[in-house]
Each structure stands twice: as structure tokens, then as C-alpha cells.
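For reference, the structure is listed below as C-alpha cells.
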Amino acid sequence: MTNLQSIGDGAPLLIPKVDIDPFEEQFLLNPYAYHDALRDPGPVVWLSRYNIFAMARYEEVRSALIDHETFLSGRGVGLSDFAKEEPWRPPSLLLEVDPPLHDRTRSIMQSVVSPASLKTLEPVWTSKAAALVDQLVKQGGFDAVSDLSEAFPMLIFPDAVGLMEEGRENLLVYAATVFNAFGPRNRLLTESMNTAREASAWVASACKRENLREDGWGAAVYEAADNGACTQEEAQRLLRSLLSAGVDTTVNGIATVIYALTQFPEQWKKLRENPRLVRKAGEESLRWDSTVQTFFRTTAREVAIGDTLIPKHTKVLLFLGAANRDPRKWENPDRFDITRNTSGHVGFGAGIHQCLGQMIARLETQFILSALVEKCQAIIVDGPVLRRANNTLHALKSLPVRVTPSS
Ligand code: OVV
């Protein structure tokens, strides 16, 4: 049993050992080439490069996500254990906390990005999506990452928050760092940290009350503080969460669904025949290629997974992207199929930490897809598709496309 390793202080704990580095560039650029090797040896594996536990099967990933009392977030959802290492920034009051604090902050933010507030933004977002797509389709060709998937969230999201105009380009730099920081201190993180100083300073300043417009989500967070729901400092840090999680995720969510539709032209055809499938297409895209590929948890107690006992206070890496392609759960998992039942996918996570901005992400994706489907007959890749390595996100750097306008 050469692939089994004893862990702990000589404790008789046997676990399949995997020598893959999930944060190395090759892995990050194409994680799907490695997922079988993480899923097949057992429900939990030992990643010997980092001496951590990892789970990549749907059942175990989902169960861990919904069991927030056993699988804690408060010691960080990256590799770094906040109980042992100082976090690179003050911990997020949503992502990197457990109940009861989590529930208080979550409900504040839930009321800020409420369905009612989205309803009022919808008409603006729809018309901006249509105008942007219109202009790009007239060009005939464009980069679906920079010209569309980055451009659209940057057109609407900072305005919805009520951010100052100056320096908004820092948002993407900052987000790349935030998501690299969940991984190990590899070259990606080190380089990211070097460029992040300025972006972090900008974000800190952008989150101050005096720099926000009075009608945005940002001001609404501070109003919650005025009403006693949280302190002014908490409000600033809660707003930082929106800026951290709200841009790079949707950028790549949109880019990925466009990429998927170019790779599966029969699905594009199906979508054109029935544009009401845009919502399902967005959901299937998140299952097929999850923007957020991984998050960690820390065990609060000893946990039995199959024949393995994970000790308490131990980091466990959860492969959301692998869970979403687990053949134990999904039929023909590598196939992008916009009519499949995607219910239960963990692309937005699951349980109490499930993506706060999921409705925002869905709407942004739908508005872009609806505009594309209406205005283009065909969309094809017209140049090299380039990826951008990130320790957490499966990201695209460039997707050159050529479009045929609808007649
Ligand atoms: C889901 C997510 C990603 C990155 C940052 C945060 C949340 C945050 O709360 O800061």
C-alpha cells in the first residue's frame, strides 16, 4: 500500500497520499486534468506537498460546506491558519468568521444587497449590457474578457456600491491578490502582494464613508451602522467584502460562460432558439467550470470521513470545482449542457457562507448573455485563448472572438 500514509503522532490513521501540487501553475491553468487523481483514491486524501487534508468528491465537499460547526471558517478559508499566522489583512467579517458574529454581519449585508435593491438596478444594468454588447457586435470582433467580461462589471458594480470614480482599476488588482492570498506563498502570491500595496490603500480609502455616494450599497452599510447593527469600523470592513468578492468573480463567471458557448456550439444554438435558457446556461457554466475552484475549512473536532479520522484544528482543502464535475454525482460531467439539472452545484458554495452576491452574479451573467443571444447569430474563437493563473480562481486572461450579427 505505497499510496497510504500514516499521519499524526504515529496514530494508525491511513489515508491515500497524493503528491500533486494544486497551486502549481500547470494545475491552476487546467485543474480538470488532475481532479480524478484527487477524487478517485478516496473520499479524503493527504496532500503531501502541503501536509493537508483535501476532499474533491461532491458528497464530501457539500457535506463539509453545510456543516459549519465542524468545518470552521474563522481560522481562514485559505491555507494559512489564522490561529498560527497573522492574516495578511484584517479578516473578512463574512467569509472568515463563524457564528454568532457571522450571522449578524451576514444579515446586515443581505439587507443591503436585497432583492428590492436589485430590482431598482435591473433596468440600468440591462440597458448598459445591451449598449455594450451592441457596440462590440458592431466591431465584429473583440476580446470577450477585457472588452466585455471585465468591462461590464466595471460599468455597473462600482456605481452600485457608490464608489469614487478615481482609481477604480485598482479593484481588479486587489481582487486578484485577495484570491491568490488563499493559496500558499508561491510566486503568484508573492508577485500579487508586491502589486497590491497601492490597490489595498485605494480600497481602504474607497470604503470610507466620506468617499461614498449617498445612494449606493456602500452608504447603506454605513446606515446599518447608524442604526446600531454594527460599528462604523465593521461597516468599512463589510464594504471591503463587496469590493473583494464582487468583481473578479463575476468577470470570470461571464467570461467562462461565453467560452463554454464557443466550445459547445450546439448549446449556443439551443440558447438562441430559446433565450429563456440564459439563467440555466449561467448555472451550468458555474457547475462546468467553477470560478472559485477551492476554499479551505478548519476542523473544530475530530471528524471521520470514510476510514480516515481527520484530527481537530486541521486545515482541509475543499475542491468545489472537482465536486461540480464528480462523475459520482453528475452524468457526463465534462459536458456543458444548458438543459441539465444543475441543482445542488457548489459553484456558489453551500450552507451559511453560500455566496452573498449570487443574485448579482446571476443577473450580470443573464443580462450579458441575453444581449449576446439577441444580437449575434454566431460567436467563434478567433485567436489564442489565454488563461491567468490564480491560487483560487479559474480565470481567463484573453478570449478573442469574432461575431456574426443577427440578421
Ligand atoms: C467570497 C469572498 C471572496 C473574497 C473575499 C471575501 C469574500 C471577503 O469577504 O472579503
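Since the model is a prediction, treat every value here as computed from it, not as a measurement. For the numbers below, each heavy atom of this structure counts, side chains included, while hydrogens, waters and symmetry mates do not. Ligands are counted one by one from 1 in listed order, and the atoms in each one are counted from 1 as well.
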Just list the N/O pairs, ligand 1 to protein, that are under 3.5 Å apart, with the distance for each.
{"residue": "ligand 1", "atom": "9 (O)", "partner": "Ser92", "partner atom": "OG", "Å": "2.6"}
{"residue": "ligand 1", "atom": "9 (O)", "partner": "Ser241", "partner atom": "OG", "Å": "2.6"}
{"residue": "ligand 1", "atom": "10 (O)", "partner": "Arg89", "partner atom": "NH2", "Å": "2.8"}
{"residue": "ligand 1", "atom": "10 (O)", "partner": "Ser241", "partner atom": "OG", "Å": "3.3"}

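With a 6.0 Å radius and a threshold of 12 heavy atoms from other residues, nucleotides or ligands, Arg49 has its CZ atom above the threshold.
Results of the side-chain contact (heavy atoms from CB on, under 4.5 Å) test with Leu171 over Asp248, Val251, Leu243 single out Leu243 as the only residue that passes.
In this structure, Trp202 has its ring center no closer than 6.0 Å to that of Tyr174.
Every residue two or more places apart in sequence or in another chain that forms a side-chain hydrogen bond (donor to acceptor under 3.5 Å, both in side chains) with Glu284 is listed here: Arg287, Arg340.
Using modelled atom types, no side-chain atom of Lys375 and backbone atom of Gln135 make a donor-acceptor pair closer than 3.5 Å.
Between Leu47 and Val45, the closest side-chain pair of non-hydrogen atoms falls below 4.5 Å.
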